[in-house]
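The sequence lines fix the lettering, A, B, ..., with proteins before strands; numbering per chain opens at 1.
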2 protein chains.
Amino acid sequence: MTERLDPVLTSAGYLLLKAGTQFHTIIDEALTELDLTGRQFLVLTFAGSADPLSQLDLSRRLGLDPTIVVGLIDGLEARKVVRRVRDPADRRRYLLELTAAGGRLHAKAAAAVADAEREFLAPLPAADRKQLRRLLIDVMTRRLPWMGPS
Amino acid sequence: MTERLDPVLTSAGYLLLKAGTQFHTIIDEALTELDLTGRQFLVLTFAGSADPLSQLDLSRRLGLDPTIVVGLIDGLEARKVVRRVRDPADRRRYLLELTAAGGRLHAKAAAAVADAEREFLAPLPAADRKQLRRLLIDVMTRRLPWMGPS
DNA sequence: TATTGTTATACTCTATAACTATA
DNA sequence: TATAGTTATAGAGTATAACAATA
């Protein structure tokens, strides 16, 4: 009667994997109306962070090859939502800045992403959504160095 | 003093995304010693499930184009861990079967994956690991049709 | 006429190596 | 001599279209 379902398919790991890829798709769809990809949205997010990042810093945080970041930023700079500024202290580096237009675009995108997340987590009551976030923070803090404690 | 961290970077959605991709990498690494990819491991898992699947069924469960599944199964069949059997009821279809060797390989791989998962979730106490799995099941059940209730 | 599996081809994405300018 | 950013090129991975066999 009851379906025999391999334990793998109900494991936290497998579900984490599927949740990640499905949410990635959902985000990309939610951002198409703003003509952004999830990846570009993350660039805006990091570019708007407190301390200015170089392209190499950014490539590490995105987990992307530096050569890929070049094109990514080219596109966003052409749209004037991000700016490359030479670091006076080390003139090999560019520091990435969010322009005013970039800030507005990021705000809209963040709202769209938040909506998508709300819908994705809709099956969970509010307390469980908070709990899920806390658990993910506990798991990932050590794996995302810039989230570190200190 | 305290770092200003964009709320996006501590959202459940972003962390889910990062957890998914990082765990994917970890799984692939854990399976290299068995000469398997995470994707091949999932094929073995589904091929070993109770009701026999066609290649098209499998492509839907993996979320992959059917043309990709062809090559995937070619490789596993050449290794004699999976078999294509014509469905007598509809001779266009192949039903996928796990061979005895395939079952042994899957068992080893599942153990390796379980180890990797344990390590990945090590920051969480046991109760939280159970809780995380339950939350993911609640979120994903509706999105993975074959997990359906009934 | 539609569907399953297959092949061939084109396209996208990514990684590798080599270059420049700065340090 | 090493590093940040860039370019060009080659490779891997993927999707698209067309086909054979079966329904």
Side-chain angles (χ1 to χ4, degrees), chain A residues 17-18 20-22 24-25 27-29 31-32 35-43 46-47 49 51-78 82-98 146, chain B residues 17-18 20-22 24-25 27-29 31-32 35-43 46-47 49 51-78 82-98 146:
Chain A
L17 230 101
K18 286 308 254 185
T21 56
Q22 290 205 10
H24 186 273
T25 305
I27 290 305
D28 275 348
E29 282 168 1
L31 290 174
T32 45
D35 195 28
L36 281 176
T37 63
R39 187 176 282 182
Q40 289 174 316
F41 168 63
L42 285 178
V43 173
F46 281 115
S49 75
D51 47 3
L53 299 181
S54 71
Q55 291 188 198
L56 216 56
D57 293 332
L58 181 63
S59 75
R60 277 189 280 261
R61 303 205 179 186
L62 294 173
L64 293 176
D65 194 284
T67 62
I68 291 172
V69 173
V70 175
L72 243 179
I73 296 182
D74 282 349
L76 294 172
E77 195 172 35
V82 131
R83 223 185 345 248
R84 282 186 243 237
V85 181
R86 281 285 177 200
D87 181 352
D90 181 345
R91 302 195 44 266
R92 291 171 302 183
R93 301 170 149 237
Y94 283 121
L95 300 181
L96 301 175
E97 284 182 4
L98 203 58
W146 64 89
Chain B
L17 229 102
K18 286 307 256 185
T21 55
Q22 290 205 11
H24 186 274
T25 305
I27 290 306
D28 275 348
E29 282 167 1
L31 290 174
T32 45
D35 195 27
L36 280 176
T37 63
R39 186 177 283 182
Q40 288 175 318
F41 168 64
L42 284 178
V43 173
F46 281 116
S49 75
D51 47 3
L53 299 181
S54 72
Q55 291 189 199
L56 215 56
D57 293 332
L58 182 63
S59 76
R60 278 189 279 262
R61 303 206 177 186
L62 294 173
L64 293 176
D65 193 284
T67 62
I68 291 172
V69 173
V70 175
L72 243 178
I73 296 181
D74 282 348
L76 294 172
E77 195 172 35
V82 132
R83 223 185 345 248
R84 281 186 245 237
V85 181
R86 280 286 176 198
D87 181 352
D90 182 346
R91 301 194 46 265
R92 291 172 302 184
R93 301 171 149 236
Y94 283 120
L95 299 181
L96 301 175
E97 284 181 3
L98 203 57
W146 64 90

Visitor: Donor-acceptor pair, A:D28 side chain versus A:G38 backbone, under 3.5 Å?
Guide: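 Yes, the answer is positive, given that a donor and an acceptor are paired below the 3.5 Å cut-off.
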Visitor: So B:R93 and B:D57, side chain to side chain contact (heavy atoms under 4.5 Å, CB included) or not? Walk me through it.
Guide: CA-CA 10 Å; B:R93 301 171 149 236; B:D57 293 332; 4.0 Å; yes
Visitor: Can you check the B:L58 CG to C:dT3 C1' distance for me, whole Å?
Guide: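 So the CG-C1' distance, B:L58 to C:dT3, works out to 17 Å.
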Visitor: In whole Å, I'd like the distance from the CG atom of B:L72 to the P atom of C:dT6.
Guide: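 Whole-Å distance recorded here is 12 Å.
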Visitor: Applying side chain to side chain contact (heavy atoms under 4.5 Å, CB included) to B:L62 and B:L72, what does each step give before you reach the verdict?
Guide: CA-CA 11 Å; B:L62 294 173; B:L72 243 178; 4.2 Å; yes
Visitor: What string of B, S and - do you get for nucleotides 12-23 of chain C, 5' to 3', when a contact is any protein heavy atom under 4.0 Å?
Guide: --SBBB----BS
Visitor: Among the candidates C:dT4, C:dT6, D:dG5, find the nucleotide nearest to the side-chain atoms of B:Q55.
Guide: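 The closest nucleotide is C:dT6.
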Visitor: Starting at CG of B:L95 and ending at P of C:dT4, how long is that distance when rounded to a whole Å?
Guide: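 The answer, rounded to whole Å, is 12 Å.
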Visitor: Closest-nucleotide mapping onto DNA chain D: is A:R93 or A:D74 further toward the 5' terminus? I mean the 5' end.
Guide: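 Final value for this comparison: A:R93.
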Visitor: How many Å lie between CG on B:L56 and P on C:dT4, as a whole number?
Guide: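 Taking CG of B:L56 and P of C:dT4, I get 5 Å after rounding.
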Visitor: Counting C-beta onward and ignoring hydrogens, is there a side-chain heavy-atom pair between B:T21 and A:H24 closer than 4.5 Å?
Guide: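 They are not in contact (no side-chain heavy atoms under 4.5 Å apart), so the answer is no.
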Visitor: Determine whether a donor-acceptor pair (N or O, by modelled atom type, separation under 3.5 Å) exists between the side chain of B:Q40 and the backbone of B:L76.
Guide: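 No; zero donor-acceptor contacts below 3.5 Å.
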Visitor: For a side-chain hydrogen bond (donor to acceptor under 3.5 Å, both in side chains) with B:Y94, tell me which candidate from B:R83, B:R84, B:R86 qualifies.
Guide: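 With B:Y94 as partner, side-chain hydrogen bond (donor to acceptor under 3.5 Å, both in side chains) holds for just one option, B:R86.
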Visitor: Check the distance between C:dG5's P and B:I73's CD1 and give it to me in whole angstrom.
Guide: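 Roughly 8 Å, once rounded to whole Å.
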